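Comments concern the structure below.
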Amino acid sequence: DLVPKAGMKFPTIAVLALSSSAAAFAPALFTTKSHIIQSTKNRKATPAFVPRMSAVESAEETFEFQAEVGRVMDIIINSLYSDRDVFLRELVSNAADACDKRRFLSLTNDAAASAESPCIRIKPDPIANTLTIEDTGIGLTRDEMNNNLGRIAQSGTKAFMEAMDSKDLNLIGQFGVGFYSGFLVADKMEVISRSMNGKNGEVYKWTSQAQGGSYTITEMPADAAEEIGTKIVLHLKDDASDYLESSKIESLLQKYSEFIEFPISIYKEKTAYEQVPDEEANAKLEEGEEPKMKTVPIKSEGFEQLNNQKPIWLRSPKEVTEEEYTEFYKAAFKSSYDDPMAKTHFVLEGQVEARAILYIPGMLPYELSKDMFSDDSKNIRLYVRRVFINDKFEDLIPRWLKFIRGVVDSSDLPLNVGREILQQSKVLQIINKRLVRKSLDMIRDIEADDDDGASYIQFWNNFGKYLKVGIVEDGDTYKKELAPLLRFFSSKSGEEYTSLDKIVEGMTDAQKENKKIYYVTGEGLSKAKMSPSIEKLSKKGYEVLYLTEPLDEITIETLASFGDYKLVDANKDGAFDDDSDEEAKKEKEEATEQLSDLIDYLEMELGEKVKNVKVSKLLSESPAALVQGAYGMSPTMQRYMQMQSVAMGEGSLPGMGSMNQAILEINPDHPVIKELNGIVKGAGTSGPIEDETFSNKVTLLYDVAAMTSGYEVSDPAAFAKRVVQLMSVGATVSDAVVEESTANVEKDDAASDDGDDAITPEVM
């Protein structure tokens, strides 16, 4: 049995276990050539593989799946992993499993217990073009080499866990293909191992080429492995020379294996600095003077441990101090100058087992300041038994919590074989909901513990927009929990934020009976305050929300209501209609009748600029206002949608004008409206009034209403010209020129008294 056997073929015990995508390769994997088909007689047939029988069936045959080993290896090497950097994660994880097996067996094995604590060492060798990963774990016997390394998808770790039946084991491997990721960067792999279960300390070497489809096992001299454990030697490909650089290996270890329980050391050149006497400077040293020293670099080579950081999420929250939480946050998320605002440390038990720590940053991360959903933001780091898997799983936490930083460690998550895809499952949904709940608890704690409001306002300024997105995207699930956390400006809050709860608390009895919370939109606080629609609301004592960003409007429209109160846009037609108030209804009808001629004229003169003209009894200081129909978009939202369309290269949005035609509401008690109404009635005609001044006033009425209601004046030059013309009423331009010229003449005459010749002015 100890004779080297060249050309051993890789068998497979579970080809379909490689990945959920392996089915795409199935036609290439299966073959029906008669010389490789194994069959057994008198067994129940598998319908999909029943061969054609003669008219009289004499026997049934069952066929076993076969695989082209070379093709399977090609899939593992080229298709299973998208990033070949993960080979180091897989091989170091295997080494950690071997160390953990030895630690577990040391509880009952005196020889193992007396040995030093297991460790992992990595040594790049640029001269030999090899990378060696060595562990002092349990090691491999010849049979284990043949079964575990020579049989694809045979997981020795999984078999060990099943045999030991212990929850104390902290093993990672489960698929049986991680070892072969070494071929991502190597043409040839050698495994030299001495097993703690070996009879006489035998040492064996397993060797295979990336494209060979076979392997050899050779017995080695005892001095080939001085201690129990396993050494993997990777003969690197020509394009993988960067893995010989210590800095590259260090960065990968810090990324993937920073929290492995066992010490991981890398062989590297180290430079130390020592103080030695400066012989040249001391050559002329006088008696009594102290000798001068100089600093010289001393270079040496040796192993240096890398993983000194402890995985505090695996400890009980009672055992971790605030300083340790902060230190871990700064180290794990490279935030040296940021202290987290809040943190939570919890354990999931029951259907799913997981441990997690979540943080709310003290400031907006840099990458999110450029793009609030930046792909460069790596917020949740997923670990499986201390081994980093990925930080780009979008389904682990909703994107409206993109600002949350944290660590989740669970072995129950449904990862694919390459550990790169998080598959949809009930387990994922449970973890997702728990992460969201804990995140919301942290936010509520900031609000509750904030006596002067400064901390929560700091949080809101940094991350408030994410909560708004949460209502838009997950409103059906979380809007009742998110709504109390929202902050807005209002007509009573001045320059400070207020909440919907505070608005409800400060409502007048009339507004409580009305069951409505009114809001207006505008590009910024100052423009929102200009809205004519809130004039009488403010006089009645109603508090009106100011929505100063497009996202505010989308959020409120999605929210629709808060408790028993409906959220209503004050700039929408019919926002204040109250059929129960008969007196107000009668006054409005009478005013409409009195202004009917003016209403008809304005609709004719303004044409397609407005949908129609109506009387409003809620304007007190403004002559008119523009409002949208019940299903129209506010001017702020219209501009936002237009900019989005242009940014996406789609040009102007079709139908934007006709769909969002505004309604002109006029104030029947305002002097300007009364004056215009008198002119229309005095003209006694239903056609256009041939008076340029009157026409300018009508157009200016519309322009001013548009500006105060948040719309833009379509033709600023024409608007300015109309204003100048109205300013010049009663004084013609020619009169102004003559007056100026006369003044110049008088000035020149006074000047001529001091000179010989008078100058005759020229009137232009």
Side-chain angles (χ1 to χ4, degrees), residues 486-498 500 503 506-508 510-511 514 516-557 559 565-578 609-641 660-670 672-673 700-714 719:
L486 299 178
R487 295 293 184 270
F488 302 99
F489 294 109
S490 77
S491 57
K492 293 184 178 180
S493 68
E495 301 296 323
E496 303 294 331
Y497 285 109
T498 189
L500 294 175
I503 288 180
M507 278 184 176
T508 63
Q511 189 171 3
N514 195 20
K516 292 180 180 178
I517 299 175
Y518 293 99
Y519 65 87
V520 293
T521 62
E523 291 184 350
L525 184 58
S526 59
K527 290 188 177 180
K529 290 180 178 180
M530 290 172 55
S531 176
S533 301
I534 65 173
E535 292 172 358
K536 278 202 173 179
L537 286 175
S538 298
K539 286 189 175 181
K540 287 184 175 183
Y542 286 16
E543 187 170 6
V544 182
L545 285 178
Y546 293 148
L547 308 186
T548 57
E549 300 176 1
L551 184 55
D552 291 347
E553 185 174 353
I554 301 173
T555 302
I556 291 297
E557 288 183 352
L559 194 59
Y565 299 92
K566 185 178 180 182
L567 297 166
V568 178
D569 187 351
N571 283 323
K572 289 287 181 73
D573 181 36
F576 311 103
D577 289 347
D578 186 2
K609 290 182 179 180
V610 296
K611 184 177 181 181
N612 54 44
V613 180
K614 299 173 66 175
V615 169
S616 172
K617 296 297 290 183
L618 287 170
L619 295 174
S620 59
E621 299 175 1
S622 302
L626 285 183
V627 300
Q628 278 291 327
Y631 302 102
M633 286 191 292
S634 71
T636 304
M637 183 56 61
Q638 290 182 42
R639 285 190 290 273
Y640 174 75
M641 295 293 291
N660 291 284
Q661 271 188 312
I663 298 169
L664 179 65
E665 291 190 347
I666 57 177
N667 180 1
D669 300 323
H670 199 279
V672 171
I673 299 300
L700 275 176
L701 177 71
Y702 170 82
D703 289 341
V704 172
M707 292 175 63
T708 57
S709 299
Y711 294 85
E712 294 180 349
V713 176
S714 57
F719 173 77

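Small disclaimer: the values here were computed from a predicted structure and weren't measured.
The OG atom of Ser491 sits 15.0 Å away from the OH atom of Tyr519 when rounded to the nearest 0.5 Å.
Closest approach of Leu664 to Ala705, counting heavy atoms only: CD1-CB, 4.0 Å. Nearest heavy-atom pair across Lys614 and Ile663 is CD-CG2, 3.8 Å. Closest approach of Glu553 to Leu547, counting heavy atoms only: CA-CD1, 3.9 Å. Asp569 approaches Val520 most closely through the heavy-atom pair OD1-CA, 4.4 Å. Considering all non-hydrogen atoms of both residues, Glu621 and Lys539 come closest at OE2-CE, 4.3 Å. Closest approach of Leu619 and Pro532 over heavy atoms only: CD2-O, 3.5 Å.
For the pair Leu626 and Val610, the minimum side-chain heavy-atom distance is below 4.5 Å. Between Pro623 and Leu701, some side-chain heavy-atom pair lies under the 4.5 Å cut-off. In this structure, the side chains of Ser533 and Val627 come closer than 4.5 Å at one or more pairs of heavy atoms. Looking only at side-chain heavy atoms (C-beta outward), Ile517 and Val568 stay at 4.5 Å or farther from each other. At a threshold of 4.5 Å between non-hydrogen side-chain atoms, the residues Glu557 and Ile554 do not count as touching.
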Residues Ile503, Tyr542; criterion side chain to side chain contact (heavy atoms under 4.5 Å, CB included); working and verdict: CA-CA 9 Å; Ile503 288 180; Tyr542 286 16; over 6 Å; no
query: Should Met707 and Val713 be marked as a side chain to side chain contact (heavy atoms under 4.5 Å, CB included) after you check the CA-CA gap, both sets of side-chain angles, and the distance that decides it?
result: CA-CA 7 Å; Met707 292 175 63; Val713 176; 3.3 Å; yes
message: Could you walk me through whether Asp552 and Thr521 satisfy the side chain to side chain contact (heavy atoms under 4.5 Å, CB included) test, starting with their C-alpha distance in whole Å, then the side-chain angles of each, then the deciding distance to 0.1 Å, before giving a yes or no?
response: CA-CA 8 Å; Asp552 291 347; Thr521 62; over 6 Å; no
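Side-chain atoms of Asn667 come within 3.5 Å of backbone atoms of Asp669 as a donor-acceptor pair (strictly under, hydrogens ignored). In terms of modelled atom types and a separation under 3.5 Å, the side chain of Ser493 and the main chain of Ser490 share a donor-acceptor contact. Looking only at distances, a side-chain donor or acceptor of Glu535 sits under 3.5 Å from a matching main-chain atom of Ser620. Listed for the Ser616 side chain is no donor-acceptor partner under 3.5 Å among the backbone atoms of Glu665. Thr548 places no side-chain N or O within 3.5 Å of a backbone atom of Gly524 that could act as its donor or acceptor partner.
With sequence neighbours excluded, the residues that form a salt bridge (Lys or Arg N to Asp or Glu O under 4.0 Å) with Asp703 are Arg722. Under the rule for a ring-ring contact (aromatic ring centres under 6.0 Å, His included), Tyr565 has no partner lying at least two apart in sequence or in another chain. The salt bridge (Lys or Arg N to Asp or Glu O under 4.0 Å) search around Glu543 returns none, not counting sequence neighbours. Take Leu500 and apply the side chain to side chain contact (heavy atoms under 4.5 Å, CB included) test, not counting sequence neighbours, and it matches Leu545, Leu559, Phe562.
Aromatic pair Phe489/Tyr497: centroids less than 6.0 angstrom apart.
Heavy atoms from other residues, nucleotides or ligands lying under 6.0 Å from NZ of Lys572 number more than 12.
Applying the salt bridge (Lys or Arg N to Asp or Glu O under 4.0 Å) test to residues at least two apart or on different chains, the pairs with a partner in residues 488-497 are Glu495-Lys529. The list of salt bridge (Lys or Arg N to Asp or Glu O under 4.0 Å) pairs with a residue in residues 519-528, not counting sequence neighbours, reads Glu523-Arg639.
If you check the side chains of Ser531 and Asn571, you find a donor sitting under 3.5 Å from an acceptor.
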